[in-house]
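Chain identifiers are assigned alphabetically (A, B, ...) following the order of the sequence lines, protein sequences preceding nucleic acid strands; residue numbering begins at 1 within each chain. On a predicted model such as this, the values are computed, not experimentally measured, just so you know.
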Protein chains: 2
Amino acid sequence: MENIERIAQLYPVIMRVMGRIRSIVHEGMDLTYNQYKMLLTIYDKGSCPLNLLARELQIAMSSASEMVDRLVNLGFVYRTVDEGNRRQVIIYTTDKGEELIRDLRRGIVENYRTLLAKLPERDQERLVQSFETLAEILGTLE
Amino acid sequence: MENIERIAQLYPVIMRVMGRIRSIVHEGMDLTYNQYKMLLTIYDKGSCPLNLLARELQIAMSSASEMVDRLVNLGFVYRTVDEGNRRQVIIYTTDKGEELIRDLRRGIVENYRTLLAKLPERDQERLVQSFETLAEILGTLE
DNA sequence: GCAGAATAGTTCGTATGCCGAAATGTTAGT
DNA sequence: ACTAACATTTCGGCATACGAACTATTCTGC
């Protein structure tokens with residue numbers, strides 16, 4: 001079969017298993033996966049203007065603003081006006097948010113460990129290799 | 001870095017690009033991606049009991065029932081009671097639904113073609129190979 | 001320096017998607 | 001016949017998403 005068709009065919013298969021992995025690995029978390037991604041993005045950057053956050057997460061500004069609302073209500077982040085450009089809002093993690101993200105990261109890695117322990121060492125290697133290749137090639141499409 | 005950590009790190013990266021691909025490839029479709037997946041699942045099987053549909057799509061029965069409602073309202077599928085087991089509901093595609101799914105499939109493959117044309121032949125091969133490997137390995141985890 | 005454009009964010013209405021609990025109907029087991 | 005198990009639907013509730021309309025701020029051109 002032609003490459004393109006094969007890719008079109010495999011896409012939903014991959015998404016299905018990736019979704020399954022997510023639900024296993026993020027099982028029992030206090031945050032949804034999307035909230036986790038947002039908090040992680042802010043945490044990794046130290047702080048993040050809202051418009052950049054929306055771009056990184058590939059969602060509309062309005063959606064990003066609403067998600068930030070929820071994270072603020074949960075006490076994990078806070079907003080400040082950028083004094084250098086008062087139109088802009090910068091999001092920071094609170095101490096509580098940073099603590100959470102560290103805990104979650106640890107837990108997630110542990111869950112991956114448990115999940116992937118079912119695979120022979122060789123397949124783990126191939127998995128990492130495929131992940132790296134995907135990230136590399138698909139990254140160039142953006 | 002340890003395999004597990006690398007996988008945990010790459011997962012969101014992959015999901016991000018895969019999401020980007022979805023939004024490009026399914027751009028301008030009359031159905032959401034989830035609706036497309038559901039319609040495709042029914043189409044590929046010819047017909048599908050609701051409970052199987054929910055299992056395949058990895059969603060709760062109640063969610064599946066609601067999604068079927070929407071597809072019924074759009075005129076793409078219909079429900080019938082299984083006379084062999086009157087508790088069970090079987091979903092069928094309508095002619096309109098089948099026509100749509102064939103059109104969408106064609107359009108989607110075309111969009112993949114345009115998108116992936118940016119990649120050198122060699123990277124296309126590597127991409128297919130990685131997809132195959134992922135599908136194979138992750139499939140064993142289920 | 002000021003009018004109008006551009007930028008950044010928020011709020012609102014609407015829709016999808018998702019879940020669990022409760023209710024309904026159907027079948028199977030004893 | 002009674003009860004348990006099964007299949008589905010409906011309901012309430014929440015997260016996510018978008019675009020449109022609105023406010024506030026900054027930039028640009030004249």
> Does any donor-acceptor pair link the side chain of B:Gln58 with the base of C:dC18 at a separation under 3.5 Å?
Replying inline: no
>> Check the phosphate of D:dT8 against B:Asn51, side-chain N and O only, distance under 4.0 Å to OP1 or OP2. Yes or no?
In response: yes
>> As an exercise, state the distance from CD of A:Glu66 to CG of A:Leu71, rounded to the nearest 0.5 Å.
In response: 12.5 Å
>> Is there a side-chain contact between A:Arg86 and the phosphate of C:dT7, meaning an N or O under 4.0 Å from OP1 or OP2?
In response: no
>> Does C:dG17 have OP1 or OP2 under 4.0 Å away from a side-chain N or O of B:Gln35?
In response: yes
> For the pair made of CE in B:Met61 and P in C:dA22, what is the distance, rounded to whole Å?
Replying inline: 18 Å
> Are OP1 or OP2 of C:dT10 and a side-chain N or O of A:Arg79 less than 4.0 angstrom apart?
Replying inline: yes
>> Let's test your reading of the model: under 3.5 Å, does the base of D:dG19 pair with the side chain of A:Ser62 as donor and acceptor?
In response: yes
> Can a side chain N or O of A:Arg70 be found less than 4.0 Å away from OP1 or OP2 on D:dT16?
Replying inline: yes
>> Count I, L, V, M, F, W, Y as connected when their side-chain heavy atoms are under 4.5 Å apart, and connections chain through other members. Are A:Val81 and A:Met61 then in the same cluster?
In response: no
>> Looking at B:Glu56 and B:Lys45, is there a salt bridge between them, counting it only when a charged N and a carboxylate O are closer than 4.0 Å?
In response: yes
> Quick one: B:Tyr36 OH to C:dT16 C1', roughly how many Å, whole number?
Replying inline: 19 Å
>> Expressed as a whole number of angstroms, how long is the span from A:Asp69:CG to C:dG9:P?
In response: 13 Å
> So with a 6.0 Å cut-off around CZ of A:Arg20, is the heavy-atom count from everything else above 12?
Replying inline: no
> Which listed nucleotide (D:dT16, D:dC6, C:dG17) is nearest to the side chain of B:Asn34?
Replying inline: C:dG17
> More 5' along DNA chain D: B:Ser63 or A:Ser63, using each one's nearest nucleotide?
Replying inline: B:Ser63
> According to a strict under-4.0 Å criterion, is A:Ser65 in side-chain N/O contact with OP1 or OP2 of C:dG9?
Replying inline: no
>> As a test of reading the structure: which of D:dC27, D:dT9, C:dC18 is closest to the side chain of B:Leu50, going by heavy atoms?
In response: D:dT9
>> Closer than 4.0 angstrom, basic N to acidic O: yes or no for A:Arg86 and A:Glu83?
In response: yes
> In whole Å, what is the span from the CZ atom of A:Phe76 to the P atom of D:dA15?
Replying inline: 12 Å
> Given atom OH of B:Tyr33 and atom P of D:dT16, what is their separation to the nearest angstrom?
Replying inline: 20 Å
> Can you check the A:Leu53 CG to C:dG9 C1' distance for me, whole Å?
Replying inline: 13 Å
> When the distance from CE of A:Met67 to P of C:dG9 is rounded to whole Å, what number comes out?
Replying inline: 16 Å
> Does A:Thr32 make a side-chain N or O approach to OP1 or OP2 of D:dA15 shorter than 4.0 Å?
Replying inline: no
>> Just the rounded figure in Å: distance from C1' of D:dC14 to CG of A:Leu31.
In response: 15 Å
